[in-house]
Participant: 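Pasting a structure below so you can have a look.
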Amino acid sequence: MERTLIVETIKKTGEIVHVCGWVNSLREHGRVVFLDLRDWTGLVQVVFPAESLDYEKAKRLTTESTVGILGLVQERPEKTENPNLATGKIEVLAENLEVFSKAQPLPFDVKSDGREISEEKRLQYRYLDLRRERLKNNFILRHQIINFLRAFLTQEGFVEIETPILTKSTPEGARDYIVPSRLQKGKFYALPQSPQQYKQLLQVAGMERYFQVARCLRDEDPRADRQPEFTQLDMELSFVEREDVMALNERLLIETVKKVTPQKKIQEVPFPRISFQEAMSKYKTDRPDLRRDKNDPDLLAFCWVIDFPFFEKNKEGAWTFTHNPFSAPQPEHLEWLMNKERIGEIITTQYDIVLNGFEIGGGSIRNHKAEALKKVFEILGRPEEEIKTNFGHMLEAFSYGCPPHGGIAWGLDRLVALLLKEESIREVIAFPKTGDGRDLMMDVPSEVSSEQLKELGIKIVGKEDEKQKR
Ligand code: ASP
């Protein structure tokens, strides 16, 4: 018989239904077994009176087992209705019980919000942790946000295009994850820190409005709320100026909030714009939290931070980029870039979007002229040869007719977490890693077989060997 979702049972009084799910709770009361059955649409009460065929079987069930039940939907006797349950006016009188899989006792409670359980344990048994209502709702909202973003951008003429995961190093200020090549021994791919170069090359290709819900990977030192892999809403547009990208993104953020979390209030529209200088002198940070009432859980204070210096000196006294080496300077500073003068005063076209004190995205207008991009790498002290090997393809691409272009990327995990009032992005990522990059459920990273290493031409230098070398 066709399955009925639990949420639908309320409309089926007088009918026989087949409901499937997990045993949420079990209790016996006056020779009647009451079973709360849960599927991902809700909960319904199932009753097994002592005279019913499967009464004994029901008594031996355990919570969290999976079952299928055939039964008659009937109105609950008066005074036994449960106003806290969407299906609280009815119950299913069981006629047949099929046990799909009996559950042994779980390592923790999945009916609580989970905050009382150690995170290590939760991550080790993530597939159980995800059974809890709070996490289920987090992933439904995450889906609604992504779904809305896709629909909005499609409506605006964007096309979603996937870019490679096995690629070449692209500088985003972190270390690369690298993957050894078996067919080209001794050579490596890098996993993308962002689709930056590909999305720019798509502009050269004439894909004027690109976006992607893109997985990015950065090998950073352990930090409490960073993930080695995370998701960006990445976009790039041709023939645009800074204002165009900012206006579109502002509209998209406002519409997303309205659509997905209508109970939230945006403090100020249009979003205030603050220069980097002003942010630093007034708030001592370039991600100011502008909320007027920090106790209001529904208040969203967006702002743009702009006019960042393009370059800054690193510890060794050499120039490094503050955000993105592919950015263009402000038009009035292009000449300084080309002459490699007043380097510390060059302002970039970078714009960061900040929400309640968190940077949730950033982008810029790019250098679409090869000579200008080359100057950036020269200022960064990259030798000619290295510029050619690492970025020759970009420089060459720009010589075949490149549109002026710009884009942005949002940190989707952070945005979703903020809209859900979750403190950690791990609460909105299905299978997150620990702060030091381990997946406790799969137990990775893990060793690989010596055959695999041999095929790749890789030899592990043991800790002992390392010590000897030093
Ligand atoms: N590639 C940048 C980042 O990942 C975003 C951008 O400039 O579009 O932060």
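Order of appearance sets the numbers: ligands from 1, and atoms from 1 within every ligand.
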Participant: Out of Gln197, Glu359, Lys199, whose heavy atom is nearest to atom 8 (O) of ligand 1?
Facilitator: Lys199
Participant: Just jot down the ligand 1 atoms closer than 4.0 angstrom to any heavy atom of Gly363, in number order.
Facilitator: 6 (C), 7 (O)
Participant: May I ask you to identify the nearest protein heavy atom to atom 5 (C) of ligand 1, giving residue, atom name and distance to one decimal place in Å?
Facilitator: Gly362 O, 3.4 Å
Participant: Can you name the atoms of ligand 1, numbered from 1 with element, that are less than 4.0 Å from a heavy atom of Arg366?
Facilitator: 6 (C), 7 (O), 8 (O)
Participant: Between Arg126 and Asp439, does at least one N-O distance fall below 4.0 Å, as a salt bridge requires?
Facilitator: no
Participant: Does ligand 1 come near enough to Arg218 that some N or O of the ligand is less than 3.5 Å from an N or O of the residue?
Facilitator: yes
Participant: Are the charged groups of Glu255 and Arg251 less than 4.0 angstrom apart, N to O?
Facilitator: no
Participant: Within this structure, what is the CD-CD1 distance for the pair Gln232 and Ile360, rounded to the nearest 0.5 Å?
Facilitator: 12.5 Å
Participant: Is it true that Glu133 and Lys136 have a side-chain N and a carboxylate O under 4.0 angstrom from each other?
Facilitator: yes
Participant: Answer yes when Asp221 and Arg175 have at least one side-chain N-carboxylate O distance shorter than 4.0 Å, and no when they do not.
Facilitator: yes
Participant: Do any N/O atoms on Glu236 end up under 3.5 angstrom from N/O atoms on ligand 1?
Facilitator: no
Participant: List the closest protein heavy-atom neighbour of atom 3 (C) of ligand 1: residue, atom name, distance to the nearest 0.1 Å.
Facilitator: Glu172 OE1, 3.4 Å
Participant: Will you find, in the side chains of Tyr198 and Thr167, an N or O donor that is under 3.5 Å from an N or O acceptor?
Facilitator: yes
Participant: With a 4.0 Å heavy-atom cut-off (strictly under), which part of Ser194 contacts ligand 1: side chain, backbone, both or neither?
Facilitator: side chain
Participant: With heavy atoms of Ala409 as the reference, note each atom of ligand 1 found under 4.0 Å away.
Facilitator: 5 (C), 8 (O)
Participant: Give a yes or no on whether a salt bridge exists between Arg292 and Glu268, defined as a side-chain N under 4.0 angstrom from a carboxylate O.
Facilitator: yes
Participant: Below a 4.0 angstrom heavy-atom separation, can you tell me which part of Gln232, side chain or backbone, both or neither, approaches ligand 1?
Facilitator: side chain
Participant: Of all the atoms in ligand 1, which lie at a distance below 4.0 Å from a heavy atom belonging to Ile408?
Facilitator: 8 (O)
Participant: Can Gln200 and Gln196 be counted as having a side-chain donor-acceptor contact under 3.5 angstrom?
Facilitator: yes
